[in-house]
Structures are given as C-alpha cells and as structure tokens.
Amino acid sequence: MLNIDALRDFGANVDEGLARCLNREDFYLRLVRKAAEDTGYEALKEAIDAHDLDRAFDAAHALKGVTANLALTPLHEPIAEMVEPLRRREDIDYSAWLIKIANRIAALRALVSE
Amino acid sequence: MPNTIAKINPENGKHLVLVVEDEEINREILAEILSGEYDVICAENSLEALEKIETNASFLSLIMLDLNMPGMHGFELLKILQDDSTLARIPVIVTTSEEQAEVESLRLGATDFITKPYVPEVIRARARRYIELAEDRTIIQSTERDVLTGLYYKEYFFHYAEQYDQYHPNVATDAVVTDIIHFHMINERYGKAFGDLVLKRVAETVRGIVSQSGGIVCRRDADTFLVYCPHRDDYEELVEKCSVDVRDDFGNEAHIRLRMGVYANAEKDIDIERRFDRAKKAADMMRGSFSNNLTFYNNDLHKKELYNERLLEDVYDALREKQFIVYYQPKFDITGDAPVLTSAEALIRWKHPSLGMISPGVFIPLFEENGLIQKLDDYVWREAAAQIRAWKDAFGISVPVSVNVSRVDMYDPLLVETICAIVEENGLTSADYMLEVTESAYSDDSAQLIRTVKRLRELGFRIEMDDFGSGYSSLNMLASLPCDILKLDMKFIQNTDNHVNGARMLKLMIDISKYLNMPVVAEGVETDKQLHLLKELGCDIVQGYFFSKPVPPQEFERFIRERIEQC
C-alpha cells in the first residue's frame, strides 16, 4: 500500500518531497500516485526504440522535473543521467538506464496498486 | 496602461500569480507552494498562458514560467511579453530543470531563474521580492511618465538620453523635436477628449517606430514630443508614418500631420538639452509653412546659434561700456494744419565694437528668450529719462518719451518702484514718461498685469498699447483693459496702400479708439498718401519714416528746435 514508510523503503527522499508539498501527506501521496500513472516512462522507451531523440529528450526532461520535485530518487537518478546525452541528441545505447527505470516504475506502481 | 500599478484582490488582499507548467504534478506543487500568499491561476501551455496574461494584464503580479512545453516554447512566450510594453512590466520567474537556459531566459527579459526541484521557501521569497520590485518600478514609472501618453517626462527623458550615451558612446544619435500641426485647432474643433486621443495615437506611433532601434520618446508639453534615437536616414518616411488618421467612437475623424525638426548626428560634447534646442530651432524654421514638415539643423542655423551665443556673451560688456545707444523717433500730432512734435519713442541700437551695428530685430527676440531683456529695458529707461532731463535743461521744454516695457517686466513686482525711482532721480514727472506695453502681453489677461498697469496709471503714467491689432486683441478685451493710447500695428498702415479692405480696417480701428476715447498713434507711416489717409480718418498722432527714422539724440534736437519755432 502506498504510504510514507513504503515510499521511504522504495528509496524516495520522503522528507524532501513532503516538505515541497508543505508537509501535507495526502497531497504528496496523491501526486506520487499520479506520477506512477504517468505514461511518460513508456513514451520515453518508445522514443528511444524509434531513435526519435527529440521526443526522447522531451519525455526524459519532463520526467526529470517531476521525479525531482517528488524526490522519487530511484527514478530520478537514471532519468537525470540519461537526459544529458539526450540533450546532445547522442544516439547511444540507453538500455541500461531504461531497464533501471522500468524496474523502479514497476515497483512504484506495485506500491500504488496494492 | 503601462503605468498601472499591479492591483491586489480587494477581497483577500492577495496578488495574482500565474503558473505556466505543462506537467500537472509540477503545476500542482507550485500552485500549492504559492497559494498561501497569492491567488494562483494556472496554464498548461504557452498559448493558454498568453490568453490568461492578456485577460488579467492589469491584475497579474507575477508569472512562473516553465520552458519546455509542447506547442509554444517558454522562450517564445517570453519574447512576446518583452515586446509588449504593457505586458513587459509583469515579472517572470523561469522555472525549469534546464540549467543551461538561464542566460537565454534572462536575455529574453525573465526576471529570475530557478531550477527544479522546487525549494518552497526560495520560491516564496523570490516571488515576494520580485512582486515588490515590480511595484516599486511601476511607482517610479508612474512618476517618470506622462499619465496620458505613457511617455517619459522631460527630466527623466534627458536623464535616460544621457544614460544612453554613456552605454553607447560610439553610436551616432539624433535629437528630434516634433509636434502636431494645428493641434490647438483639433482640440478646439473636436474637444479635449479627441485631442487626448490624438496625443495618445501619435505617442504610440512614434514610440512604436523609434523604440525598435532603441530610441526613447518624451512628451515635453502639450503636443510637443522629443525623440532621442540612434541616427537614422528615413525621417521623411518617419514623418509620413507618424501622420495618422484618428477616429473616435463618436464619428470624429481627423488626419494628423507632424512637423519635425531634426538635429542629426548630434554633437555629444554639448549638453543634451542644447541638442534639443538645436532640433527645436530647426523645427521653428517651419513655422507658418504649409508645405514643409521636416527640417534639419544645418550650418546656417549653427552659424546663427554661434552668432547669438556671441551676443549673449557680449551683452554684459555692452551694457557696461554703453555700446547700446538709444535712438529717438519723433511722434507728431496731425490734428492741426501742420504736424507738431508731441513726443518720441525710445528705440535701442547696438553699436558692437567688432560686429558693427546690430539690428534690434536680431538681439531683442534673443534677449526676450532668456530674460536679459529686463536688463536692456532698464538701461533704456534710464538713458531715456536722462535724455528727457537733458532736453528739458537745454531747451526748457519737455519732450515726453515712451519706452518699451516687455512682457516679463510686467511681472516684476518691483516694476512700479523702479520706474518711479528713475523718473524721480531725473527730476521728471510721470507726465514726461510714457510706457508702451505690447498688446500680446495684455493677452495674458493676468490679474497681476492689470493691477500693475492700473497702479502706473494712478501714478500718472500714460500707457500705450503697442502693436495693437497684430493678432492677439479681441474687442472684448479692449473694453476692459486699462490703457490710454492705442498704437496701431504698422501692418494696418501698410495694408492701406493696395487694399481697399486695409483702409476700411484702419478706419474701423480708429473709430473704435474714438468710441473708447483713446487717442490713436499710427506707426510705420512712410508716404504722404498714408499720412493724408490717416488724417482724413481722424488719427491723432503719427510716427514713421515719412517724418524721420529713429535718430541719435543730437539729430533729434532739430525737431525740438522746430517745435519751439512753431510756438
């Protein structure tokens, strides 16, 4: 079940995320739930698979901002890392990051759906 | 209006902030962070944002703007805001995870830049600070700008023009003075509201054009605007572009034309205000011309300016060394069979040691512009009084002399005392001394002027209204004004030569003065024919080249001798 402890276990910097949401737990959890439902992760993977680096950058960039704001560190880290080569539109192998992201979003979604 | 101070919501005392962010989560967080202190509205993209900005332009205190958004990029929105003088006043804080975009954001007019993730305390502190700063700036702007047109007031304009030079020392600049042709007629014909609309339209048009090249504009007074801008060659085009058709909702319509004086490639080592004086001199060249509406300050004007400067520098020496000579032009009573000398008018000449004889037509308008005329008048008053005394002593008769009293003298609170003292010092009475006040001074219709004239008349001085009919008088004014003698403008006399109507006008003027029991002096009498006409029409006194030009005192004495012989 999605709650503060579960998110902390997930690796989120809950204190920081909460502070950004003015320590309103319900508000923070609602936004995390919304972030988990975000289809941007799938959009990012599709764009990379299609070598559409413009679209991939846009998707990664958007996810970077949201995950940073919610302090979803396990998701934010790989996204922030891959944004840099994407900014330069480098057509490299992004799969390691994508796998990490896929696993972590799956874990988060599992928490949400419990 | 550009100088509207951002308003707070009267119901809760909060400022309005717009959050522009495509990511719903970010949008919600930001709105939540700000909603304690502000009324927050949100937009998902730049187009929606622009719509909300325009709708709330006068209430919006701050915009928080994301950059990477689908559709229009945040930079494009910034550019639109920057180019709109009304919207540009709203502070924008760019919020993005794009650290590299900071410089470009600030270049495009963003007030500040903060990166994601948000730090609530920082966001709130900056929001507060920038709203305060923007309000302070708006207050400053509202004091430095003309309320009607939103243009700078003169003082601030000169300050910013100087600042422009400091930042762009190598950019050639032009000083331009422009005004609306026959603006007073537009105001009179269509009313003040329409006149204001015209001023606003002209201000917008001129500013719109010159601000593109970094130029600034000020409304100096009434319908006169000043422009300071990088040098341009398209003034003819500019005059045309600024000549606009103005219509209002009530069906009033007028075609507005501008008159423009340009001092191009202005010298930067002369004072900024003087650069505009030069542009104005160019503009003044066009006064009365219907075909010409653009003039440049040129070499001839420059030479004239240098000449005038020389005169202004030399005037103090001239007064001290008595280079000014008072000439006297006789006035004759023509009511009898032969003309009889009645009095004289004192007229000044400048015998400059190196420039030779300088016409009063050159130096009097110049001295009138800067108040030096008072010193000159005082000089003439004293010289004339001493001369009346000298003639009295030499010939045993009094030849009253009239002296000119300039408009500015009439507002000198010590005028009456000064004149009385001069008269007394020379052992004269007020009957020996007459004062000529130009008709245009009377048209000020000032209570102070009327009081002064009344006081002088009570003391026995006779007041001549000079240049009567030269363009300012109204019959209504004439009936209520205190004066003793009307002195007809020369043009009335000269117009009688070839125009029947000229003679009729002259007759009318003389009839009016008879009706008011005021003697009439006709000046500028040059021919026998004119003299006979004046006599026929019942004019009392004449003055002019037909009898004598203004002459030095020694030459004048022959008229006194003739007069004595007549007796």
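Every chain is numbered from 1, with letters handed out A, B, ... down the list of sequences.
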Undergrad: Could you pull out the closest heavy-atom pair between A:Ala19 and B:Pro120, with the gap in Å?
TA: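 Heavy atoms of A:Ala19 and B:Pro120 come nearest at O-CG, 3.7 Å.
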Undergrad: Verify, without hydrogens or angle tests, whether A:Asn69 (side chain) and B:Tyr118 (backbone) share a donor-acceptor contact under 3.5 angstrom.
TA: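 Between the backbone of B:Tyr118 and the side chain of A:Asn69 there is a qualifying donor-acceptor contact (under 3.5 Å).
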Undergrad: Under 6.0 Å from the CD atom of B:Glu51, do we count more than 12 heavy atoms belonging to anything else shown?
TA: no
Undergrad: Salt-bridge test for A:Arg20 and B:Glu32: reply yes if a basic N is under 4.0 Å from a carboxylate O, no otherwise.
TA: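 The answer is no: the pair does not qualify as a salt bridge.
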Undergrad: Is A:Leu22 in contact with chain B via its backbone, its side chain, both, or neither, using a 4.5 Å heavy-atom distance?
TA: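 For A:Leu22, side-chain heavy atoms alone lie under 4.5 Å from chain B.
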Undergrad: Side chain, backbone, both or neither: which part of A:Phe27 has a non-hydrogen atom closer than 4.5 Å to chain B?
TA: side chain
Undergrad: Tell me, for B:Thr96 versus chain A, whether the close heavy atoms (under 4.5 Å) come from the side chain, the backbone, both or neither.
TA: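 Only the side chain of B:Thr96 comes within 4.5 Å of chain A.
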Undergrad: Out of curiosity, B:Asn26 CG to A:Leu70 CG, how far, rounded to the nearest 0.5 Å?
TA: 7.5 Å
Undergrad: Using the side chain to side chain contact (heavy atoms under 4.5 Å, CB included) rule, take B:Glu28 and A:Lys34 through it: C-alpha gap first, then chi angles, then the decisive distance, then the call.
TA: CA-CA 11 Å; B:Glu28 283 202 39; A:Lys34 207 172 265 178; 2.7 Å; yes
Undergrad: Need one label for B:Gln100: side chain, backbone, both or neither, based on atoms under 4.5 Å from any heavy atom in chain A.
TA: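 Side chain only.
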Undergrad: Between A:Leu31 and B:Ile25, what is the shortest heavy-atom contact and its length?
TA: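 Between these two residues, the closest heavy atoms are O-CD1, 3.5 Å.
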Undergrad: Which bit of B:Arg27 comes within less than 4.5 Å of chain A, counting heavy atoms only: side chain, backbone, both or neither?
TA: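 Nothing of B:Arg27, per the 4.5 Å heavy-atom cut-off to chain A.
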Undergrad: Counting only heavy atoms not in A:Lys45, do more than 12 fall under 6.0 Å of its NZ?
TA: no
Undergrad: Checking heavy atoms, do the side chain of B:Glu23, its backbone, both or neither come under 4.5 Å from chain A?
TA: side chain
